[in-house]
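Along the sequence shown, residues carry numbers from 1. As the structure lists them, so they are numbered: ligands from 1, and atoms in each ligand from 1.
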Amino acid sequence: MNNFNFYNPTKIIFGRGQIASLQHEIPAGARVLITYGGGSIKKNGIFEQVTAALEHVTWTEFGGIEANPHFETCLRAVERIKAEQIDFLLAVGGGSVIDATKFIAAAARYQGDPWDIIATFGTAVTGALPLGCVLTLAATGSEMNPTAVVTRAETRDKLFFNSDHVRPKFSILDPRNTYSLPARQVGNGVVDSFVHVLEQYVTYPAGAKVQDRFAESLLSTIIEEGPKALQEPDNYDVRANLMWSATMALNGLLATGTPSDWASHLIGQELTGLYGLDHGQTLAIMMPAIWTYKLEQKREKLVQYGQRVWHIQETDPTLIATLAIERTREFFETLGVKTRLSDYGLDAKIIPEVIAKLHQHQFVQLGERGDITPEDAADILQLAL
Ligand code: NZQ
Ligand code: ZN
């Protein structure tokens with residue numbers, strides 16, 4: 001097991017009716033900006049619950065944050081914050097709204113060009129407005145981590161940054177808030193949380209038994225509950241298990257003392273930036289292709305995954321690894337998330353453009369061993385057609 005620091009100060013407030021606790025979590029007299037997306041929170045009753053719990057503060061709202069949030073939109077929110085002396089941000093939504101709010105929180109306190117925040121992957125951030133979250137979509141883990149992903153629409157650059165300054169002070173997780181999700185977003189969310197675990201687990205053995213078994217418990221839970229969320233959207237326990245799995249999948253715990261891959265995410269990010277695919281869709285395409293390409297290097301962990309999570313009974317390691325990849329692809333397809341570029345109308349013509357973006361973003365040493373170059377990514381994308 002490698003050395004590690006583990007730090008996670010976000011308070012999680014989980015369960016039915018917990019939106020009401022906003023009255024205790026946001027300081028009295030605060031000037032709050034409620035940030036949200038395209039308006040789902042105004043149709044499913046979440047906005048009313050939030051505002052009912054904000055009688056002790058002054059609040060105003062900023063809606064219209066896109067899925068895969070735009071840098072340009074965030075800058076408009078920063079102007080509002082400065083004009084209205086906002087001192088607390090409340091993100092109500094999924095990963096896009098929370099990520100945008102993290103960026104807004106940092107940009108509101110940043111003196112230079114706000115793109116520096118992204119260009120430095122967050123190291124330029126020296127402070128941020130405090131923020132809290134009301135989560136409406138189980139997927140990204142953004143509610144309990146220091147990461148945000150923002151897209152510059154003008155140049156189609158989708159990039160992440162990390163900063164402890166933007167960790168949410170609290171996140172409210174009421175599983176009932178996910179009942180109204182469209183099936184496509186349920187599928188995307190299940191794939192995203194599942195892939196977060198796999199990025200930190202299917203690498204190479206590091207003697208990290210606790211982390212491996214945490215990962216396996218999350219994977220088994222997501223396999224059991226994911227399809228049920230599509231069949232029984234109002235099943236509280238199904239939603240609760242998926243929500244907590246998604247948060248645990250990317251709050252730093254699984255990454256302790258272990259190698260991480262993240263190649264599916266970083267190549268997938270380019271696919272969203274360039275062609276607008278949903279985040280979950282890009283992962284469902286990339287992960288089986290990367291595993292196929294790197295089967296040799298990942299074989300030991302693929303075998304462990306195949307045996308412990310999918311209960312594959314074969315004895316030949318390469319066969320077990322191959323079957324584990326197949327099962328994973330089938331699982332994504334069962335959730336309604338297609339796993340080939342061609343399923344989304346993309347063909348080999350996109351490959352040079354994706355490779356150019358990887359070079360531009362200096363993502364030239366991907367994977368847990370840093371041995372996936374943009375040229376390897378071209379071969380991987382061929383496998384994903
Ligand atoms: O905008 P509204 O109207 O709210 O609709 C949203 C949006 O259209 C809808 N939705 C959300 N909650 C709903 C709902 N509709 C009905 N009922 C509800 N309760 O769902 C759509 C997608 O929302 P979005 O926030 O984009 O989805 P998700 O949570 O999957 O977030 C994706 C973004 O997070 C980034 C992705 O790259 C992408 O930009 N990620 C963030 C990470 C992080 N911060 O750690 C890690 C992830 O790997 C990921 O990269
Ligand atoms: Zn993800």
Note, Y275 side chain near Y344 side chain (heavy atom, < 4.5 Å)
no
Closer than 4.0 Å to some heavy atom of G37 - which atoms of ligand 1 meet that?
1 (O)
With the threshold set strictly below 4.0 angstrom, can you tell me whether any protein non-hydrogen atom sits that near atom 8 (O) of ligand 1?
no
Which bit of N145 is near ligand 1, meaning a heavy atom under 4.0 Å away: side chain, backbone, both or neither?
side chain
Cation over ring face, R176 and Y236, 6.0 Å, 45°:
no
How does T140 reach ligand 1, if at all, at less than 4.0 Å between non-hydrogen atoms: by side chain, backbone, both, or neither?
both
Do H361 and K357 make a side-chain contact, defined as non-hydrogen atoms from C-beta onward lying under 4.5 Å apart?
yes
Test of understanding: given a 4.0 Å heavy-atom threshold, classify the contact between N177 and ligand 1 as side chain, backbone, both, or neither.
backbone
In the complex you have, is atom 22 (C) of ligand 1 within reach of the protein, judged by whether a heavy-atom distance drops under 4.0 Å?
yes
Within the structure, does A139 bring an N/O atom to less than 3.5 angstrom of an N/O atom in ligand 1?
no
Would you say ligand 1 has an N or O under 3.5 Å from any N or O of S96?
yes
For the pair H196 and W262, name the ring-plane relationship: parallel under 30°, tilted 30 to 60°, perpendicular over 60°.
tilted
G38 N/O to ligand 1 N/O under 3.5 Å:
yes
Where the side chain of S96 meets the backbone of N68, is there a donor-acceptor pair that is under 3.5 Å apart?
yes
Metal environment of the Zn ion (ligand 2), protein N/O/S under 2.8 Å:
D192 OD1, H196 NE2, H265 NE2, H279 NE2
Give a yes or no on whether the backbone of V202 and the side-chain of K298 come within a donor-acceptor separation of less than 3.5 Å.
yes
When you measure from the centre of the six-membered ring of F47, is the NZ or CZ of K42 under 6.0 Å away and within 45° of the axis?
yes
Examine R31 relative to W59 and say whether NZ or CZ is less than 6.0 Å from the centre of the six-membered ring and inside a 45° cone about the ring axis.
no
Below the 3.5 angstrom mark, is there an N/O of H279, backbone or side chain, next to an N/O of ligand 1?
yes
